[in-house]
Amino acid sequence: MKAKIYVTPKKAVLDPQGKAVANALHSLGYAAVGDVHIGKYMEIELKTTDPAAARKQLEEMCHRILSNPVIEDYRFELES
Amino acid sequence: MKAKIYVTPKKAVLDPQGKAVANALHSLGYAAVGDVHIGKYMEIELKTTDPAAARKQLEEMCHRILSNPVIEDYRFELES
Amino acid sequence: MIEPNITPELIADHGITPEEFERIKGILGREPNFTELGIFSVMWSEHCSYKNSKPVLRTFPTKGPQILVGAGEENAGVTDIGDGWAISFKIESHNHPSAVEPFQGAATGVGGILRDIFTMGARPILCMNSLRFGPIDGNDEAARRNKRLFAGVVGGIAHYGNCVGVPTVGGEVYFDESYEGNPLLNAMCLGLLRHEQIARGAAKGVGNPVFYVGPATGRDGLAGAAFASRELTEESHEDRPAVQVGDPFMEKLVLEAVLELLQTDAVVGIQDMGAAGLTCSTCETASRAGTGIEIDLAKVPQREPGMTPYEIMLSESQERMLVIVQKGREAEVQRILDKWDLPWAEIGFVTDTGLMRVKNHGQVVAEIPAAKLANDAPVYYRESKEPSYFAKTRAWKLSDLPSLTDPQKVLPELLASPTVASKNWVYRQYDHMVQTRTVVCPGSDAAVVRLKLAPPPAKDRYLAITTDCNGAYCYLDPYTGGAIAVAEAARNIVCSGGRPLAVTDNLNFGNPMKPEIFFQVREAARGITAGCNTFGTPVTGGNVSFYNESPAGAIDPTPVIGMVGLIDDIAHITTQWFKNHGDAIILAGNAVDAADPYLGLGGSEYAKRLHHIKAGLPPHLDLATEKKLQDAVLALIRDGKIKSAHDCSEGGLAVALAECCISRHPARNTPALIGARVDLSAFANGTRLDALLFGEAQSRIVLSVAQESADAVVAQLQAAGVPAAVIGAVGGDALEIRTGASACKWSVNELYDAWWYSITRKMES
Amino acid sequence: MKFGIIQFPGSNCDLDKLWVLQDVFKQEARYLWHKDTDIGDLDCIVVPGGFSYGDYLRTGAIARFSPVMKAVADHAAKGKLVIGICNGFQILCEAGLLPGALLRNRSLQFRCEHVYVRIETQKSPFTCAARTHEIMRIPVAHGEGCYFADPSTIAELKKNDQILFRYVDASGKVVDTASPNGSIENIAGVCNKARNVCGMMPHPERASEEVLGSADGRVVWESILNHLRGVESVPESVLAGGH
Ligand SMILES: Nc1ncnc2c1ncn2[C@@H]1O[C@H](COP(=O)(O)OP(=O)(O)O)[C@@H](O)[C@H]1O
Ligand SMILES: [Mg+2]
């Protein structure tokens, strides 16, 4: 199975990177660009066939090491 | 509209971060974890209602600045 | 907007006692509203008001001819270094944020101290840091957590400092169980300025506009000052909004813009928004100038919709400044801010009312006498009581320590102890050379920087900088521990060729409401005072961090000393490693201190690491002896007689000798190792071998000199009243130490390997 | 000679470059602001290190769109000299003025230390004053210095003698452990095909004065000055005692 994980800065937390990119896009003339948020995208192979167990493990991995729950949110999708 | 952009390291490019995360997960006991790949995930608000124009702009932004074609691939989704 | 009612519970939640609440009512002549309660709670927190530490801080020596701006007057002190030049330096803690989110906690700690320095008008030219963590040995749950904190803190310091372009040139790291769950991050910054550039944080000139500079205010870091003034509990990890995210790029822009602004005389006052944010910066600037200030929160840039006045006033969003502008000169200021693409807003003006008046869309939401808010926090003379653990630690006898039979294995083990081991895993992550000032990079007793005052080849000036504190010593005897922190710092400066100039201090302790903790605070401060008086180094400022406790108890008392010294001539710059084969090795100071009942083994790394004992008394220190030693060694350095000088600290004489052999590191993976043959037989008679090799007796320096000047150097030291003897010679590819009948021999490769890679191995396992 | 040093928001080695050129080498040097479009007549442009635009997104990604970069490209197109150091190297790669890209160090950590770097060729304006296979002891300080290019680009670089600097051990051998970042073939610096644009990760300005522990980096500035003065190649005998 394959998991796709998205880690994004929490709403209330400063996202200086997103801001810098938004400014850069504006100055390049992309006036339609509004807010930009930048996070991480991860793909993880999982050698298991049990989606429920995989989900449980993923939830745990995201919380423990793949994201920093103090400043980031995460979500994931599981594909088989 | 909102665009979701995925930037991932090209196959031929080393992904030491992916490797480090895979190792960390193994040492925490997640034996089922196989390859890990890490890229960027961006969300961009677009103040436009024309999907075709938005796509064209996004394609350009991705190619010019949001990714570096020497080392990265990209893809995006557009939501309204 | 509905504000909560002021109930006793709400007051208690804000950390305000019923007596303090009465005092607030007295100042206002009425009950505070919710916003005002929040404002008082942060300004009267320990972090901002020093209410529990003021009586102690007042005992520090703070005066001296070199002091231009004294401790407590401004964001940081300013010290004269001659020819119209001055330095401004200060140390500050960010312990609790680092415990909860090590990377961002440490990063924003660096950001905060940088702002304290550049708001004085000084360009930051170096950073240092003093760190404490729980043990990183092994791989159990606790060790892994400690490693994660350690890696996060170091990564955060690197991220911020490297990006802003200020070199991190040194520091210290200790590992001990007492910091488990409550790591320490103390960051120090030093800046350079001309006398006439000293900027003030005062809101002078009625009618002058008040500018807000920097990114918009968010809900992050809400009430961080209050957070820092509480013990860490299991729930602290829910204190998440108190964690701020730093943006070093923004800081760099703010830094450049502020220094450019201060070049004009269009700015009358400036202060950063650090702890307690807008609240602290407005009331303190008004209070210093004896004026009032009026702002409208509607004009404050806001990152999120719907922020309340309470939230805006208490937010600790990073990289923001308050600038008081000369009326009529706004355009000039705006031009510079725009040049650096900095967000800014005019949010208010200086008044003559003495009040801090806060409006929101024109409606008054808080009105408090500024000076009373800033200065009239209650001051508490806390009760102090000798700690009961002394009974236990002092019941321990040196004879309880098994005698040492085989030193061969011990030395590599001590060198690999993370507290003693090379910190290259840490400092190679820091840019320590940007600004091309760093003459002695991390790895010697003190960092040395040149000031680049004069273009080459003209004569330049040099500073030596160090941070020091041994918490175990302070735990066993806070007075001696405090004095040793100062003495060791001065010794490190002297070993580098400098004369001690001034200090900054960071008092890290547990909960001062506990009499046994307050005893530690008071005694450590007394020790620091004694030390500073001895070396003529006034305290120019510092920081207090209390409530450093985890559920397992308080940290070892850790009063960190940051000391700066002046090196008068490039030729005086001295490093710790041996230079040439054939040079004579001299021990200045006593091999064993007979005045110490524990012979230097109380609180030693040897006792802790090999026998798991933290007991007895710390090494005995006689300040007059120490001063004599330092003066004599500095005189020799000035005479050009000394090739290397290294102070003996953790691990004692054997570790110091080993470090002299293995610490020179010209390039990646290419150490310059050099051996030595040492004979300590003359001191071995009737003394414990462990004390001779690994005892941490104070007032000792290992010197190397050309063979032909050895006798003269020994004579000169003795003439100055300093015990001295030639103990060996540099050369070969092994360190050999003879102690009477027995002798040990270690290849320098083996010692180097144990010492250099120890932390890397632990972090990568 | 006239040098221009670019200041991007977030540059932090700009002052060091000015110091080394103006105060150490006594050259005419001035800053160029990132918003400048007219840079006047310059002999050499220096793109300094630092964290332009915070290095957000990718190192150099945002800086390369600064107005001044158009002028840099024009300057380079005329065959005039451009040297990018550290972040400057990253920016020149992003701008397409140099081949390849710089990835995160393989250790995933920032690395600041002295390394040994071998000068691979004297056939460039940036190395023409060097002795054959001269080795410099010189500092690096970067988090993203791992040079990458696809195999055909690497082959091309070799064919054209465009690899100017490699990380080596103290004896001058190219070994894996000598590299602080994991670069392909230990590459520490390259030039473009026309040989007038150079990028390097090590910092010659941090090794240009004895007081800083090494003056080995002076050879880079001396090469540029020799080249500009028209002293194309100096006989080895003259250089033997040099630097
Ligand atoms: N946190 C740190 N950051 C930067 N440099 C450090 C740090 N910790 C230690 N160092 C450097 O490592 C060297 C040895 O430090 P330390 O063992 O504390 O020395 P000493 O015992 O002489 O005070 C010093 O040059 C010091 O500046
Ligand atoms: Mg020392």
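Order of the sequence lines fixes the chain letters, A, B, ..., with proteins taken first and strands second; residue numbering starts at 1 for each chain.
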Given that the side chain runs from C-beta out, which part of B:Ala54 has a heavy atom under 4.5 Å from chain A: side chain, backbone, both or neither? neither
Mind ranking A:Val7, A:Leu46, A:Asp35 by heavy-atom pairs under 4.5 Å with chain B and telling me who comes out on top? A:Asp35
A:Lys47 and B:Gly34 have their tightest heavy-atom pair at CE-CA, 3.8 Å
Portion of A:Ala24 that has a non-hydrogen atom of chain B nearer than 4.5 angstrom: side chain
Which answer fits B:Ile44, side chain, backbone, both or neither, if we ask what part of it has an atom under 4.5 Å from a heavy atom of chain A? both
Flag if over 12 foreign heavy atoms under 6.0 Å of NE2, B:His26: yes
Answer yes or no: are there more than 12 heavy-atom neighbours, outside B:Lys4 itself, under 6.0 Å from its atom NZ? yes
With a 4.5 Å heavy-atom cut-off, do A:Leu66 and B:Leu25 have their side chains touching? yes
Might you point out which heavy atoms bring B:Arg75 and A:Tyr41 nearest each other, and give the distance in Å? NH2-OH, 3.2 Å
Identify which of A:Gln57, A:Met1, A:Met61, A:Arg64 forms the greatest number of heavy-atom pairs closer than 4.5 Å to chain B. A:Met61
When heavy-atom pairs shorter than 4.5 Å are enumerated against chain A, which of B:Gln17, B:Met42, B:Lys2, B:Glu43 gives the highest number? B:Glu43
Does any backbone or side-chain atom of A:Ile65 lie under 4.5 Å from a heavy atom of chain B? Answer side chain, backbone, both or neither. side chain
Counting heavy-atom pairs under 4.5 Å to chain B, which of A:Val21, A:Val36, A:Thr48 comes out on top? A:Val36
Please determine whether the number of non-hydrogen atoms from other residues, nucleotides or ligands lying under 6.0 Å from atom NZ of A:Lys19 exceeds 12. no
Determine the minimum heavy-atom distance between B:Glu60 and A:Tyr30, stating which atoms define it. OE2-OH, 2.6 Å
